[in-house]
Student: 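One structure coming up, written as structure tokens, with questions to follow.
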Amino acid sequence: MINILIADDHVLLRQGLKQIIELEEDMKVIYQASDGEEAYEIAKKISPDIILMDINMPNINGIKAAKMLKNDNPKNKIMFLTIYNDKEYLMEALKIGVEGYILKDADSDELIKAIRTISNGGVYIHPSLVSEIENLDVDECKKELTDREMQILSLIAEGYSNKEIADKLFLSEKTVKNHVYNIFRKLDVKDRTQAAIYLLKNNNMYNMHT
């Protein structure tokens with residue numbers, strides 16, 4: 001069961017999201033928060049699998065709440081559901097390390113797809129915003145990955161665990177761990193989310209919304 005916390009200051013929107021999400025047999029909204037402060041306090045207590053929240057909220061906005069949650073525990077999985085489709089907010093969200101960014105005009109199928117992607121360890125960016133990431137300047141000092149490392153990086157971005165990658169590529173789990181270590185070192189990233197974002201920025205062979 002994927003347990004979800006929804007944070008938005010509009011009651012009707014929260015209720016509508018809950019109805020859509022709970023049409024899926026393996027998803028449940030376990031709590032609703034009306035602002036970023038409440039979302040932060042509740043998330044610390046109930047540890048939801050995914051925190052789905054708006055950016056523009058009273059008391060503490062979504063950006064600040066996400067920073068606080070990530071500082072407390074980088075493993076908190078956060079997805080913004082927002083009206084903001086501009087590069088500034090998207091970049092701020094990715095700097096924080098959130099796993100998802102989807103617009104409120106998305107249909108229900110896309111919302112569910114995004115939740116599943118994040119639940120499986122991947123990153124989901126609204127299709128209309130992917131080009132904003134791909135067009136960022138590439139850091140020329142980063143070393144190129146080998147074909148095998150790029151293959152593993154693509155699987156990381158899709159949410160596969162080390163064991164699943166090992167099984168898929170007929171490698172030992174230890175070998176995959178060594179490759180992952182080298183990928184993180186070469187890209188100067190700290191976790192799988194940052195690695196997935198790097199792939200979005202720098203390689204057209206992979207697209208998070210396909």
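The first residue in the sequence is number 1, and the count goes up from there.
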Student: Check the pair Val29, Leu52 against side chain to side chain contact (heavy atoms under 4.5 Å, CB included), reporting the backbone distance first and the verdict last.
Tutor: CA-CA 10 Å; Val29 175; Leu52 175 61; over 6 Å; no
Student: Does Asn162 reach the main-chain N or O of Val176 with its side chain, forming a donor-acceptor pair under 3.5 Å?
Tutor: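 No, the answer is negative, given that no donor and acceptor are paired below the 3.5 Å cut-off.
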Student: I'd like to know if the side chain of Asp54 and the backbone of Met57 have a donor-acceptor N/O pair within less than 3.5 Å.
Tutor: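 No.
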Student: Are the side chains of Asn3 and Tyr31 in contact, using a 4.5 Å heavy-atom criterion?
Tutor: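 Tyr31 vs Asn3: side chains apart.
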Student: Just verifying a value: how many Å separate Glu41 CD and Asp35 CG, rounded to the nearest 0.5 Å?
Tutor: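 Those atoms lie 10.0 Å apart.
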Student: Is any side-chain heavy atom of Met27 closer than 4.5 Å to a side-chain heavy atom of Ile112?
Tutor: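 Counting from C-beta outward, Met27 and Ile112 do come under 4.5 Å.
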Student: Just so I know, are the side chains of Asn182 and Glu149 near enough to count as touching, which here means a heavy-atom distance under 4.5 Å?
Tutor: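 The answer is yes, as the side chains (C-beta and beyond) meet within the 4.5 Å cut-off.
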Student: Do Leu81 and Leu17 make a side-chain contact, defined as non-hydrogen atoms from C-beta onward lying under 4.5 Å apart?
Tutor: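 The answer is yes; the side chains approach within 4.5 Å.
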Student: Using a 3.5 Å distance criterion without hydrogens, assess whether the side chain of Lys64 forms a donor-acceptor pair with backbone atoms of Gly36.
Tutor: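 Side chain of Lys64 to backbone of Gly36: no pair is present.
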Student: Would you check if the side chain of Gln194 reaches a backbone N or O of Lys190 as a donor-acceptor pair within less than 3.5 Å?
Tutor: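 Confirmed, Gln194 side chain pairs with Lys190 backbone.
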Student: Regarding Tyr160 and Asn120, is there a side-chain donor-to-acceptor distance under 3.5 Å anywhere?
Tutor: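 Absent: no donor and acceptor within the cut-off.
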Student: May I ask you to decide if Lys70's main-chain N or O and Asn76's side chain share a donor-acceptor pair within less than 3.5 Å?
Tutor: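 Not a single qualifying donor-acceptor pair exists.
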Student: Do Glu164 side-chain atoms and Ser161 backbone N/O form a donor-acceptor pair below 3.5 Å?
Tutor: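 Yes, because the side chain of Glu164 sits within donor-acceptor range (under 3.5 Å) of the backbone of Ser161.
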Student: Does the side chain of Tyr101 reach to within under 4.5 Å of the side chain of Tyr84, using non-hydrogen atoms?
Tutor: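 Of all side-chain heavy-atom pairs linking Tyr84 with Tyr101, at least one is under 4.5 Å.
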Student: Hey, does Arg148 have a side-chain heavy atom less than 4.5 Å from the side chain of Leu169?
Tutor: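 Side chain of Leu169 against side chain of Arg148, heavy atoms only: contact under 4.5 Å found.
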Student: Side chains of Met68 and Asn71: does their closest heavy-atom pair fall under 4.5 Å?
Tutor: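 When only atoms from C-beta onward are counted, Asn71 and Met68 do not touch, as no gap falls below 4.5 Å.
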Student: Looking at side-chain heavy atoms only, is the closest gap between Pro48 and Ile4 below 4.5 Å?
Tutor: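 No, their side chains stay 4.5 Å or more apart.
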Student: Look up atom CD1 in Ile2 and atom NZ in Lys28, then write down how far apart they are to the nearest 0.5 Å.
Tutor: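 It comes to 13.5 Å.
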Student: Is there a donor-acceptor pair closer than 3.5 Å between any side-chain N or O of Glu99 and the backbone N or O of Ile78?
Tutor: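 Indeed, once roles are kept as given, a pair shorter than 3.5 Å links the two residues.
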Student: Output yes when a side-chain donor or acceptor of Lys163 lies under 3.5 Å from a complementary backbone atom of Glu173, and no otherwise.
Tutor: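 Checking the backbone N and O of Glu173 against the side chain of Lys163, no donor-acceptor pair under 3.5 Å is found.
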Student: Under the criterion side chain to side chain contact (heavy atoms under 4.5 Å, CB included), I'd like the reasoning laid out for Ile156 against Ile165: C-alpha separation, chi angles, the key distance, then a yes or no.
Tutor: CA-CA 8 Å; Ile156 288 173; Ile165 293 172; 3.9 Å; yes
Student: Within the side chain of Thr175, is there an N or O that forms a donor-acceptor pair under 3.5 Å with the backbone of Leu171?
Tutor: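 No, because the side chain of Thr175 does not come within donor-acceptor range (under 3.5 Å) of the backbone of Leu171.
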Student: CD1/Ile183 to CD/Gln151 distance, rounded to the nearest 0.5 angstrom?
Tutor: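 Reported to 0.5 Å precision, the distance equals 10.0 Å.
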Student: Is the backbone of Met150 close enough, under 3.5 Å, to the side chain of Ser154 for a donor and an acceptor to pair up by distance?
Tutor: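 Pair found, side chain donor or acceptor close to backbone of Met150.
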